[in-house]
Amino acid sequence: MSDDEQAGGAADDAPGRRDEGRSSDSDGKKAGDDRGRGREDGKGRDGKKGRGDRRTGDERSRDDDRDEDDDEKSAEDEDDDEAAEKERERERERAAGRFKERTRDPLADEQGEEGSTDLAAAARTRRATRQLFDVRRDLISFAHSRLQSAHIGDNINLLLGSRHPGAGMRSGPVPEEELRRLRRVHVEPQGYVRLRNALRARRLLVLGAAPGTGRTSTALSLLDEVTQRPADAADAAGPRVLRVDPEGGPRQLARTLDGGEEEVRRGTGYLLEPSLARPGALPPDEMDLDELAAALDRREAFAVIVVAVGSAANPLLAGRYGMLCPPVPTEELLATRLRERLEDRTAGAGEDGTTPAELAARAQALAEREEVRDAVGLKDLRPAEAELLASLLAGHVLGDVSYEELLSGCRSLAAGQAHEWFAGVDRALTASPAGTERPDGGAGRSDTATLFHPVAFRIALAVLGGASYSAVATAAHLLTWELSVQSDPDHTPARPLFCDDPEADRALSRAEVVDGEVEVDGHDVPARLIWYRGSALPSAVLTELWDRHFPVRAPVVRWLRLLADDPRPQVWMRAAVAAGELCARDFDHGYTELVRPLAEADAFRRRIFAATTMDQAAGHDSHRGTVHKLVGDWSKHGSDPLRWTAAMALGYGNAAATTDDTLDALARIGVRDDGEQSAIASLNVVRLLTLPDAAEVLERVGEWTHHKREPYQELGLATSVRLALNTVEEVLMDDPDSPLGDRGDWPMALALAATRPELVPRMADLLWTALNTARSKDVAMDALEQLLRSAVRKSGAEWTRPGLAALLPALTTEEHDRRRLDWLLRRMMNDPEKPLSDARARDLWWLAVAPEEGRRRVGARRERTREEGIHG
């Protein structure tokens, strides 16, 4: 529409009726009539010429022959022109078809049964997973920040670790001094009174809890209370509480109690800690427990059997003597340990005038500091961990431990837990020869799968934390198989089908299950999600696994390759991020065994896995330069799969030193072999637009569209179209504070137009070029239609309208542009499947028709370049 039409009757010309579209048919018909009349006039002139001819017969014959030759030559020329025009038309169609291939989804045509890769779901999974790993510091230095021991002041000698020095004691009396200290510092868990009443009533208690949760301290505290003797008792000098060697079990203890030996005293408490995780170990049955309870009653004695929760202990805990021991609240536990550590201060003020109460308050405030909490990285502290943290806090407020030593010691808490989980897991298996008789009479090692399942679950949780419980459990069973085969390759591991215990898995792995959602084919569905109860545990587990247990690397690598083929983004993307953390531990091994084979794979998902792994490794300063060189070599000299993988890695924005280098590498990939991989290259150029250097990216794309070589032009045009085709959530954005974060389903062009208005002129110029270039105009027009349809949602709520209000005026600054928009809106209104309503069409029209001063501010459209004219 002209400006005059807008001033006078623009509303009449706006797309209000679907049958009033402009057409050039009348102009073509008029031109055809003129051409027809010209041809008739020519014939008439030739007739007049024939009636006045006075030439001789021979001359007329020669002239007639020349006329016939000229007519034949003219007909041949016309045929040649028509054939050339048809050939040019076919070439234009082929060019348009080639360009359509350049703008297809490069991840949607994966061969085989795997299907396409959902990049948006993978992006969301990656953002959630990266929060589990701290890439702000070099992971190499993290492993060496473990404080092994410290001497604090004159009274506190600290050995950092999760085990007490006496943890290995198997039998013997418990000293009264230990019981007195236990009475002073023990914090009762919830339900402690119920446990004590049950012990007094039944004489026997089977106490179940995860190792390290204070279950032994609770058992000793219970036995200390129920075995209190009067001061004038005849046997008051004897031991009241004894630890019993668990080898004999309850049956041996019952025989000892009924044997009448002199050393067996009445009213004694017995503590047993049988290990049910050893291969071939069988839990006592109910009859054994009944026999022991009767013997205890005859001797007026008490016994507590402490077992670890799990499938082996479930029958015991489900019986009449079994009860669960809940953990102690962290706040009370830490406060008690702090009070104990500061008891050596006098009741009055110290030399600096600080009272013990003030020191305790300062230590508590220090524990609540965000940096200290991040260094600890555990939601719940176990007794040994609380004792260690209290020692560090007390040492710092007393001036004996520096702040750096405090943080280093705090980081050792999670590392110590991981070390305890994996230390000597298969020691019993390796000590037993392969041909040893099984308890059931069979040959070979037994119960490897049962033994490895807890550690496999912890590894799976470190890799897939935040995924659904079913996904983690399935991955844990796959890893259990790999570990079992690696440990005993001569025998097929047997895994019982009905032995899983979710409660035991959570307790033994310090995990928690919460209600949440997972994405299934773009739709959120309810699910039970599982996490570690502590942000430091995933890194600690992977560090312990990779640095201390080299034989386990082979089965873990095979397992990660299996996860790379999983179709669920919540699985394969989380595994890719975790693989990057493992590569940061030992890049040579990770690159050789995992990254390079996957980068050269045929499946696109495997290549994206390798690209994500490289990007995660590049997040660490120690490996960033190496990743830059490797990806640069792939882009220059790599095979087709390696260049494809390099493009995906470059799209993250970390695989090259600068944005300029990243765009150079993507251009090399996109124009090589006549643009064979321009689709994946242009996709990753669009991914870079979420970075702060978006203006530089758009400027480079504009340079490509003006390039004299056609592959560069097609790369620039394909990128321009992808601005309208790709949504924000598909570009793997990392910054959670980005203004684009709440516009995940917006097309990139409109999201940038709404949040960064300074980019609108560049984007409008790129889209205008694509719309006015012959080979790209059809795809660009379809993309523009998608932009227009995204203005409002199906419900009528506003969607991308602010972005369209910013972009459309800059895209329609000329009369020709407005006529094209008018034609497109009318086509959308006449669409038989998704007709656009009159009201929405008018609204979109007025969004584009900005005031005259607004168009002058945007600036006039530039003229076409010579290359665009030639190749257009």
Side-chain angles (χ1 to χ4, degrees), residues 127-153 156 158 160-162 329-339 341-342 354 358-419 462 465-466 510 512 531-544 577 581 584-585 616 619-622 734-737:
R127 287 195 294 272
T129 307
R130 283 171 64 87
Q131 299 175 6
L132 300 178
F133 301 103
D134 184 8
V135 296
R136 292 171 295 178
R137 68 166 73 90
D138 190 356
L139 192 60
I140 296 294
S141 64
F142 173 80
H144 299 289
S145 64
R146 185 178 301 167
L147 183 62
Q148 297 295 341
S149 61
H151 177 77
I152 303 173
I156 302 174
L158 182 62
L160 302 188
S162 56
T330 297
E331 292 76 11
E332 297 180 23
L333 189 62
L334 182 60
T336 302
R337 296 294 188 264
L338 273 174
R339 185 173 61 251
R341 287 291 182 256
L342 295 172
T354 305
E358 292 174 341
L359 287 175
R362 286 169 52 186
Q364 287 282 5
L366 182 62
E368 294 297 325
R369 190 178 297 180
E370 183 178 0
E371 190 174 14
V372 174
R373 294 172 65 91
D374 290 343
V376 172
L378 299 172
K379 287 186 177 180
D380 302 318
L381 293 179
R382 295 181 172 180
E385 297 163 350
E387 187 170 352
L388 169 59
L389 180 58
S391 300
L392 292 168
L393 295 170
H396 183 67
V397 298
L398 292 174
D400 298 316
V401 174
S402 67
Y403 190 66
E404 289 73 18
E405 290 175 327
L406 169 66
L407 295 180
S408 181
C410 290
R411 296 189 187 104
S412 295
L413 293 174
Q417 174 65 94
H419 178 65
R510 302 183 72 164
E512 62 179 343
W531 309 78
Y532 270 118
R533 289 189 61 82
S535 59
L537 285 172
S539 292
V541 167
L542 295 183
T543 299
E544 174 72 19
V577 174
E581 291 297 309
R585 303 302 310 159
Q616 188 70 16
H620 300 277
D621 295 339
S622 55
D734 291 333
D735 184 9
D737 299 325

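- Within the model, atoms OG of S539 and CZ of R585 stand 9.5 Å from one another, a figure rounded to the nearest 0.5 Å.
- Taking CD of E331 as the start and CG of L381 as the end, the distance is 9.0 Å to the nearest 0.5 Å.
- Residues P383 and L333 are in side-chain contact: their nearest non-hydrogen atoms beyond the backbone lie under 4.5 Å apart.
- C410 and V372 make their closest contact through SG-CG1, 4.1 Å (heavy atoms, listed as atom of the first residue, atom of the second, distance).
- One distance of note links OG of S391 with CG of L398; it measures 10.5 Å at 0.5 Å rounding.
- A pairwise comparison of heavy atoms in E544 and A418 identifies CG-O, 3.7 Å as the closest pair.
- Rounding to the nearest 0.5 angstrom, the gap separating the CH2 atom in W531 from the NZ atom in K379 is 9.0 Å.
- In terms of the salt bridge (charged side-chain N to carboxylate O under 4.0 Å, His left out) criterion, E371 has no residue partners (sequence neighbours excluded).
- Residue E405 holds its CD atom at 9.0 Å from CG of L392, rounded to the nearest 0.5 Å.
- The two residues A386 and L334 come nearest to each other via the heavy atoms O-CD1, 3.8 Å.
- Scanning for salt bridge (charged side-chain N to carboxylate O under 4.0 Å, His left out) contacts around R533 gives D380, E512, with sequence neighbours left out.
- For A360, the side-chain contact (heavy atoms from CB on, under 4.5 Å) criterion is met by L342, not counting sequence neighbours.
- Judged as a salt bridge (charged side-chain N to carboxylate O under 4.0 Å, His left out), and not counting sequence neighbours, R337 has no contacts.
- For the pair L388 and G409, the tightest heavy-atom approach, listed with the atom from each and the gap, is CD2-O, 4.5 Å.
- Remark: L359 CG to L366 CG distance equals 12.0 Å, nearest 0.5 Å.
- Here E404 pairs with nothing under the salt bridge (charged side-chain N to carboxylate O under 4.0 Å, His left out) rule; sequence neighbours left out.
- The nearest pair of heavy atoms linking H396 to S402 is ND1-C, 3.8 Å.
- Applying the side-chain contact (heavy atoms from CB on, under 4.5 Å) test to A414 and every residue at least two apart in sequence or in another chain returns L378, A536, L537, A540.
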